[in-house]
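The first residue of the sequence shown is numbered 1, and numbering continues consecutively from there. Values reported hereafter were calculated over all heavy atoms of this structure, with side chains retained and with hydrogens, waters and symmetry mates removed.
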Amino acid sequence: RPSVRRQNATQMRLRSEQELDSLFQKYDLDGTRKLNTGELARLLTELCGRCPTPAELQYVVHNADKAKDRKICRTELSAAVLVFKSYTDHQADITAVMEKYDVSRTNRINSEELTQMLTDLNAGQPPTPEEVEWVMNTADKTDGVMDGELHPTEIMVAIAMWYTYHEKVTANVESNKHECSIM
């Protein structure tokens, strides 16, 4: 028998799903059972309290649209909401990163600016050009447009990738220190 805490979590999830069902029906104005970007923007505005910018909307659709038809069906809606809420929850951090590292004031981080950001994240140790290229090329795709610069929607992905990459390399180095061979 599930605990009271698990029962409450299940009830809350079901209420959330029911709320999303209701919102989906409300904003599927054309009755296609898929939300176009305009319908999705209105739904996210009601649910999250602010309207996504076109770049944010593109990021949400790119990351939640599993069918790759540039529309969000009901089964993709939870992911779309999660992507947008996650992004908005980190908005202050993203803004701080952009203010510090976007020295060109283009609202994008270029390779040189990314190098400085990764150096700071790496306790003053500069990354190799290959590491910068890897972070840039991988994070640059997450909004669906690969243009050689990181937009605000791609910043948190780049930072997470750097830490994951750095932790993986550190773990490999540490495990190699403890290996020994018997001859």
Side-chain angles (χ1 to χ4, degrees), residues 16 20 23 35-68 70-72 76-175:
S16 293
L20 288 178
L23 285 170
L35 301 178
N36 62 40
T37 54
E39 293 166 335
L40 179 61
R42 287 187 284 282
L43 183 147
L44 291 173
T45 300
E46 178 175 329
L47 193 62
C48 301
R50 81 166 183 82
C51 185
T53 67
E56 292 167 346
L57 199 54
Q58 180 176 338
Y59 174 73
V60 169
V61 170
H62 180 75
N63 286 284
D65 175 23
K66 300 302 176 211
K68 299 300 177 205
R70 305 253 331 120
K71 295 179 186 210
I72 299 297
E76 298 165 333
L77 184 58
S78 295
V81 169
L82 182 62
V83 167
F84 188 62
K85 281 189 170 194
S86 209
Y87 175 75
T88 57
D89 286 350
H90 292 92
Q91 188 68 51
D93 298 328
I94 294 167
T95 299
V97 167
M98 293 304 290
E99 286 175 1
K100 182 172 183 178
Y101 296 105
D102 179 21
V103 295
S104 59
R105 299 293 175 233
T106 59
N107 202 36
R108 294 179 181 86
I109 300 290
N110 62 36
S111 289
E112 294 78 27
E113 294 162 338
L114 178 61
T115 299
Q116 184 58 56
M117 182 180 87
L118 296 178
T119 299
D120 289 350
L121 292 174
N122 200 33
Q125 287 284 94
T128 66
E130 293 80 16
E131 290 169 330
V132 174
E133 181 179 0
W134 175 76
V135 170
M136 177 65 79
N137 289 343
T138 308
D140 189 26
K141 299 179 213 177
T142 59
D143 67 353
V145 178
M146 190 162 180
D147 58 7
E149 297 178 308
L150 299 180
H151 298 251
T153 54
E154 299 165 321
I155 292 299
M156 294 309 288
V157 174
I159 292 170
M161 289 173 50
W162 176 251
Y163 280 127
T164 303
Y165 170 80
H166 184 68
E167 288 170 6
K168 182 179 177 184
V169 169
T170 302
N172 287 341
V173 169
E174 289 301 314
S175 70

* From CA spacing to verdict: side-chain contact (heavy atoms from CB on, under 4.5 Å), Thr164, Met161 -> CA-CA 5 Å; Thr164 303; Met161 289 173 50; 5.7 Å; no

* Look up atom CE in Met117 and atom CG in Asn122, then write down how far apart they are to the nearest 0.5 Å. =>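 Reported value, rounded in 0.5 Å steps: 11.5 Å.
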
Quick one: does any side-chain atom of [X] pair with a main-chain N or O of [Y] as donor and acceptor, under 3.5 Å?
| X | Y | result |
| --- | --- | --- |
| Glu39 | Asn36 | yes |
| Asp65 | Val61 | no |
| Thr88 | Lys85 | yes |

* **Qualifying side-chain hydrogen bond (donor to acceptor under 3.5 Å, both in side chains) pairs, either residue in residues 147-158, two or more places apart** =>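 Pairs touching residues 147-158 that pass the test: Asp147-His151.
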
Less than 4.5 Å apart, any side-chain heavy atom of [X] and any of [Y]?
| X | Y | value |
| --- | --- | --- |
| Leu40 | Phe84 | no |
| Ile159 | Val97 | yes |
| Leu118 | Glu131 | no |
| Tyr87 | Val60 | no |
| Ile72 | Leu43 | no |
| Ile155 | Asp93 | no |

Results of side chain to side chain contact (heavy atoms under 4.5 Å, CB included) for [X] - residues two or more places apart only:
| X | answer |
| --- | --- |
| Leu82 | none |
| Ala55 | Thr53 |
| Thr119 | Thr115, Gln116, Pro126, Pro127 |
| Ser104 | Asp102, Thr106, Asn110, Glu113 |

Which ring-ring contact (aromatic ring centres under 6.0 Å, His included) pairs, counting each pair once, include a residue from [range], with sequence neighbours left out?
| range | result |
| --- | --- |
| residues 106-147 | Trp134-Tyr165 |
| residues 93-129 | none |
| residues 104-127 | none |

Closest contact, heavy atoms only, [X] versus [Y]:
| X | Y | answer |
| --- | --- | --- |
| Met98 | Arg108 | CE-N, 3.5 Å |
| Leu150 | Asp140 | CD2-N, 3.7 Å |
| Ala41 | Pro52 | O-CD, 3.8 Å |

Can you list the residues that meet the salt bridge (charged side-chain N to carboxylate O under 4.0 Å, His left out) rule with [X], with sequence neighbours excluded?
| X | answer |
| --- | --- |
| Glu112 | none |
| Arg50 | Glu56 |
| Lys100 | Asp120 |

* To do: Tell me, with the steps shown, if Gln58 and Thr37 meet side-chain contact (heavy atoms from CB on, under 4.5 Å).
  => CA-CA 8 Å; Gln58 180 176 338; Thr37 54; over 6 Å; no

